[in-house]
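Presented below is the structure to which this report refers.
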Amino acid sequence: MNFASDNIVGASAPVLQAIMQANAGAMAAYSNDEISKRVKARFNEIFEREVSVFFVTTGTAANALALSSAVPPYGLCVCHQEAHIIDDECGAPEFFMHGAKLAGLPGMGAKLKSDEVAAYLQGLPKAVKQMPPKALSVSQVTECGMVYALDEIAALGAVCREHGLSFHMDGARFVNALVALGCTPAEMTWKRGVDILSFGATKNGGLMAEAIVVFRPDLAEALDYRSKRAGQIISKGRLIAAQFEGYFADDHWLENARHANRMAKLLSEGLSGLSGVRLGWPTQANEVFPIIPQALDRALKAAGILYNSWTEISLPESERVGADEALIRLVTSWATREEDVRRLLEIASSEVSRQAAE
Ligand SMILES: Cc1ncc(COP(=O)(O)O)c(C=O)c1O
C-alpha cells in the first residue's frame, strides 16, 4: 500500500484514451494543432473569460516560468517558508527569475495570512539597496494539506493590489481545493485577484499535464519565449494538450478529485479516532497529517505501508510532536482503493489495541 504521494500512480484511462486518439495522423507541431487550440478554448470556458494557456510538462516548470514572468531579476517573491517553490524545486524559480529571490514567511498549515503579509511588506526597507517585492505566491492546496478559503484568497489579492505585487497560485492540487470549496475555477482565482496560475493535472490523472494559466495579458507577453528557452515548447504538443481533453470530459477531473478527497476523509476520520493519534492539521483535501506514536509508525512501516514523515515547523503553536511520536503524511489520489484505506485502518487499529494491552 502506497500513500507516499498522489503521483505514485499512473495516468487515468480517459487521459490515456485521449492521447491514443490524438496520436493518429499528422498535425502541426509545437501546439499549433487543432487539439491544442480546442483545449485552450476549453480553458476559456472553464475560467469564464479569455485566458492565455501555456502547456508544460512539470509543476516545477510551471512555477518557475510563471514566476519569471512576474518578477524582474532585482525583485522579491514572497511565499510561505515551506512552499514547494522555495523548498522542493532545486532553485528553479530563482534560476528562471535570473537573480530574484524568494522570501519565505511562517504561517500555520503552510498558509499565509493577509495581515502578516501586509505587515511584512510594510516593514521592508524601501531603498535601492533592498530588493523590492514584486510577487506573492501561494499553494492551493498548501504543503500541509490546507485549503485557502475564498475570502482568504481575496484578502491576499487585495494586499497584492495595494503593494503592486503580482499574485501567483501554485495549483499542483488545484482541483482538490476546488471541489473541497465547492466553487468555480473563476471564483478561486481571478475573481479573487490571482494573476497567474500553475494549473496541475498530473497528480489527478494526467501523465504529464501541467499548464500556466495567465489572467493578466502583460504577464503572458513573453511566456512563449521563456518557455522555449526552458525547453518547454513541446514539439508533439498535441499529445500534452490531448491529456486535458480526456481530463475535462464528463467532469472526469472533478470526479477524480472528489474521490481522492473522500478517501482522505475516510483515512483521517479513522486514524484520528484511534487512541494516541491526532491530526497535525485538519484534513481539507487529499492529504492527511496524523501525529502518531512511534511504535505505530514502526508497525505501519513493518506492514509495508509507504508514506513520508513531515516537518513540524507549521504546526499550530500549541501543538508539538512528542519525543515518542512521529508526524507523517499520507496522500490519497484518484486511484486510491477504499479497501486499501480500510486495510490500513484495520492494521493501525489492531496495533493500537495491542499496544494498549501490553
Ligand atoms: C505544492 C506543489 N507544487 C508543485 C509541485 C510540482 O512538482 P513537479 O515538478 O514534481 O511536477 C508539487 C509536486 O509535488 C507540489 O506538491
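Counting convention: from 1, in listed order, for ligands and their atoms alike. Throughout, residue positions are numbered sequentially from 1 according to the sequence presented.
Of the N and O atoms on the side chains of H84 and E143, not one donor lies less than 3.5 Å from an acceptor on the other residue. Between the side chains of N286 and N261, no donor N or O sits under 3.5 Å from an acceptor N or O. Of the N and O atoms on the side chains of E89 and N63, at least one donor lies less than 3.5 Å from an acceptor on the other residue.
Close to ligand 1: K203, with a non-hydrogen atom less than 4.0 angstrom away. At a 4.0 Å cut-off, at least one heavy atom of N63 sits close enough to ligand 1 to count as contact.
The shortest N or O to N or O distance between T60 and ligand 1 is under 3.5 Å. For the pair G59 and ligand 1, the shortest N or O to N or O distance falls below 3.5 Å. In terms of N/O distances under 3.5 Å, ligand 1 is not approached by E143.
Pairing each heavy atom of L266 with each of R342, the nearest pair is CD1-NH2, 3.8 Å. The two residues P293 and V277 make their nearest non-hydrogen contact at CD-CG2, 4.2 Å.
Taking every non-hydrogen atom of R173 and a distance limit under 4.0 Å, the qualifying atoms of ligand 1 come out as 16 (O). Atoms of ligand 1 found under 4.0 Å from any heavy atom of A172, numbered from 1 in the order shown, are 2 (C), 3 (N), 4 (C), 5 (C), 12 (C), 15 (C).
When the heavy-atom distances from atom 7 (O) of ligand 1 to M208, H84, Q140, E82 are ranked, the shortest goes to H84.
Screening F248, F54, F215 for a ring pair (Phe, Tyr, Trp, His ring centres under 6.0 Å) with F43, the sole residue that qualifies is F248.
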Criterion ring pair (Phe, Tyr, Trp, His ring centres under 6.0 Å) on F199 and F174, from CA distance to verdict:
CA-CA 6 Å; F199 181 96; F174 183 84; 5.3 Å; yes
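Residue contacts with ligand 1 for D170 involve side-chain atoms from C-beta outward but no N, CA, C or O (heavy atoms, distance under 4.0 Å).
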